[in-house]
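What follows is a set of notes on a single structure, which appears directly below.
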There are 2 protein chains.
Amino acid sequence: MANLTALRDHNTAAVLGRIRAADEISRVELALATGLTAQAVSKIVQRLAAEGLIAPSGLTPSTGGKPRTLLRLVPQARWVVGAQLHRHGSTLLLVDLAGRIADATTTRFDPAGATPRQTLDLLAAQVEALIAELPRDRVLGVGVACPGPLDQHTGVLHQVTGLPGWDGIPLRAELSARLGLPVLLDKDTTAGVLSRPGAADRAFVYLGDGLGAGLVLGGRVQRGARTNAGEFGHQVLDPRGPRCACGNNGCLEALCRAALADGDVGRTAELLGEGVANLVRLLDLAQVVLGGDAVLADPEVFRGRVSAVVRERLPDPGWQEVGIEISDAGEHVVALGAAGLVLGTVFGEGAALEG
Amino acid sequence: MANLTALRDHNTAAVLGRIRAADEISRVELALATGLTAQAVSKIVQRLAAEGLIAPSGLTPSTGGKPRTLLRLVPQARWVVGAQLHRHGSTLLLVDLAGRIADATTTRFDPAGATPRQTLDLLAAQVEALIAELPRDRVLGVGVACPGPLDQHTGVLHQVTGLPGWDGIPLRAELSARLGLPVLLDKDTTAGVLSRPGAADRAFVYLGDGLGAGLVLGGRVQRGARTNAGEFGHQVLDPRGPRCACGNNGCLEALCRAALADGDVGRTAELLGEGVANLVRLLDLAQVVLGGDAVLADPEVFRGRVSAVVRERLPDPGWQEVGIEISDAGEHVVALGAAGLVLGTVFGEGAALEG
DNA sequence: GCCACTTAGTCCACACTGTTGCTTTACTGG
DNA sequence: CCAGTAAAGCAACAGTGTGGACTAAGTGGC
């Protein structure tokens, strides 16, 4: 489906996305980057400025004619809430358009102990508390990230690991009804890849409770046929390796867990590097961001070892350059990524909003 | 970039794609499937009929009112040429809109022996011979598939395996200049995934000279940051396994090759199944098509064993159903897929045509 | 200090998209 | 024969990006 409205939204998102990526940019450069005419950019910029989303922020030195007017995002023109729900509790963030965290709530509880209804009520109350001071129409929506499997499209949870009793709960609809705001649901790892803007072909690799990956390919979040892509940890790396909960032997996740239990962080990082190298080769990625508790405990070890293994494994490392980075959002990556789910609808890297 | 022309082309391709997928379909169903209004569908259908691409093919039984008019592709309204270039020769196919092969040329030669210029001249002559009887404006273009690495975007070859001296040759531009037709270049495995329409999330796994994969994710061909995605064969499956040409030990490709050399087809298929299971889990695929010499020699063994391993490895095979199929195009898969590169521009699954 | 020149950005008429409301066409069933 | 129903076309329209002319705001030569 595509009509004139969709066309406009698409181009508007493309312009906004460029402004965010460039921090500060002129109309002329926007036209060049998006392929739109100067005229179209002018109209779009005018509309965005009227809505308060962007504002002029200076002039370039003249090159012999009228100087270019630089444009900048007005970060606090709109807000989104990002929530991470896991088996030990929840993290909620209030995030502005620039992806900066303005406020945070971390709660430790046992969702397995409470009924889903109670937990939903609690979540809704926490969101309300975060946005209490803000005009309602300045809040774009709420993103929620959970462990999978779940159905991103309908917003329904399946047998979420560590959360029995949540199977079949229509989290998105329930929360949206309570709040009167658009809600998006996604897997924690998929959310993680949206915690910051990045390369058009990139992955977020998360070594926490489990081992998963979020994928952006060709500038689009990839969720797969049943919106459960990213099961990265159960690739068999050594058939003689330790048994994994998934039923196989020598899964990457089981190997990493075993190495971590031995206290051998370097070995863990190298194993992870093997998996990342496989991923990069298969999908020809330009950037891999690492996150999760284990990585945050020894960030430099992971960055160094994973980079080294990837460089060694790729056939032509000079040509296929890959940025290996540690997420700068720390323990907030997933919740920030959940916010990114909603921001993606504005900047053109995610799905369309409903509700 | 997106303007009104792009919008129209997008919607036109969506409509044509549905007609191809359904074989026979009414305007009403098209409107439902594409999300366009009945009016928009009518206009698009009218234009397509005027161009001769589709034609009415019958009526549905009435449900109390005017019966729906069924529409069908006119397969021979346009033609494309698909070419596979490998180190032992070339295969060229003349293909209609329905993806049916009307004519074929297979040549065995040694591209490594001839200069690139000579080989290009030969290819151009072979294309001319295939389309000699057809009005030039009925030929949409030529798709060429080669082993990688190459730059799909610019149409330039890199150090193609088995073809020394081709590094840096701008194959697309050269061939396009000789023929006066649009030319698209892509990796053989990426082409293969386009040999037939299929699920929005699918892979083509090719076990021939090497072991590679072509990916369609979210309805789009995925080529990666440097258009060389699909390196599927060099994931390490057993660190104590045999040495591979890529420098690592126990690559899937090396393991498969070793099993094949032992004459153990069943074992080869099971190893391939492990790789396919990893792929399906990572990308949440709905369909995997197998092809290549080794697979074609024992298709049923591969279909059976790979299916069995995938079913065994997936956490919930009932929910995550995956179709494992053997390509019905046989030895022509890659050349047919090369034709599919061009057809994809018409039916909306590929890149835009230029030149 | 003036003025030709250059570059950025806007105004306006326009072509073309899909949409909305209404009409025509074509069949069913009493 | 005619009321009812569903499909498809017609005509007016809103809104998109475009192209050409025009205005705004600088630089640099004399």
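In what follows, chains are A, B, ... by sequence order, proteins preceding strands, each numbered from 1.
Residue Q39(A) holds its CD atom at 10.5 Å from CD1 of I44(A), rounded to the nearest 0.5 Å. With rounding to the nearest 0.5 Å, the separation of OG in S176(B) from CG in L185(B) is 12.0 Å. Note that the CG atom of L171(A) and the CG atom of L150(A) stand 9.0 Å from one another [nearest 0.5 Å]. Taking CD of Q287(A) as the start and CD of E321(A) as the end, the distance is 12.5 Å to the nearest 0.5 Å.
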Short heteroatom pairs, N/O only, protein and nucleotides 28-30 of chain D, under 3.5 Å:
none

Using the 3.5 Å cut-off, write out each protein N or O paired with an N or O of nucleotides 16-19 of chain C and the distance between them.
residue	atom	partner	partner atom	Å
dT17(C)	OP1	R8(B)	NH1	3.0
dG18(C)	OP1	N11(B)	ND2	3.1
dG18(C)	N7	K43(B)	NZ	3.1
dT19(C)	OP2	T37(B)	N	3.4
dT19(C)	OP2	T37(B)	OG1	2.4
dT19(C)	O4	K43(B)	NZ	3.2

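Phosphate proximity of dA8(D) to T69(B): present, with a side-chain N or O under 4.0 Å from OP1 or OP2. Between dT10(C) and S42(A), a contact under 4.0 Å exists linking OP1 or OP2 to a side-chain N or O. One finds no side-chain N or O of R27(B) lying less than 4.0 angstrom from the OP1 or OP2 phosphate oxygen of dA7(D). Within the 4.0 Å cut-off from OP1 or OP2 of dT27(D), not a single side-chain nitrogen or oxygen of S62(A) is found.
The separation between I25(A) atom CD1 and dA8(C) atom C1' is 15 Å, rounded to whole Å. What separates CG of L59(A) from P of dT7(C) is a distance of 17 Å, to the nearest Å. In this structure, CG of L30(B) is placed 13 Å from P of dG9(D), rounded to the nearest angstrom. Per the geometry, CG belonging to D9(B) stands 15 Å off C1' belonging to dG17(D), to the nearest Å.
With respect to the salt-bridge test (charged N to carboxylate O, under 4.0 angstrom), the residues R138(B) and E133(B) do not qualify. Using a cutoff of 4.0 Å between basic side-chain nitrogens and carboxylate oxygens, R223(B) and D284(A) are not scored as salt-bridged. Taking the charged nitrogens against the carboxylate oxygens, R136(A) and E128(A) do have a contact shorter than 4.0 Å, which makes a salt bridge. A salt bridge links D328(B) with R196(B): the distance from a Lys NZ or Arg NE/NH1/NH2 to an Asp or Glu carboxylate oxygen falls below 4.0 Å.
Residue-environment remark: CZ (R220(B)) stays at or below the threshold of 12 foreign heavy atoms within 6.0 Å.
Here the side chain of K66(A) is nearest to one of dA26(C), dA24(D), dA8(D), namely dA24(D).
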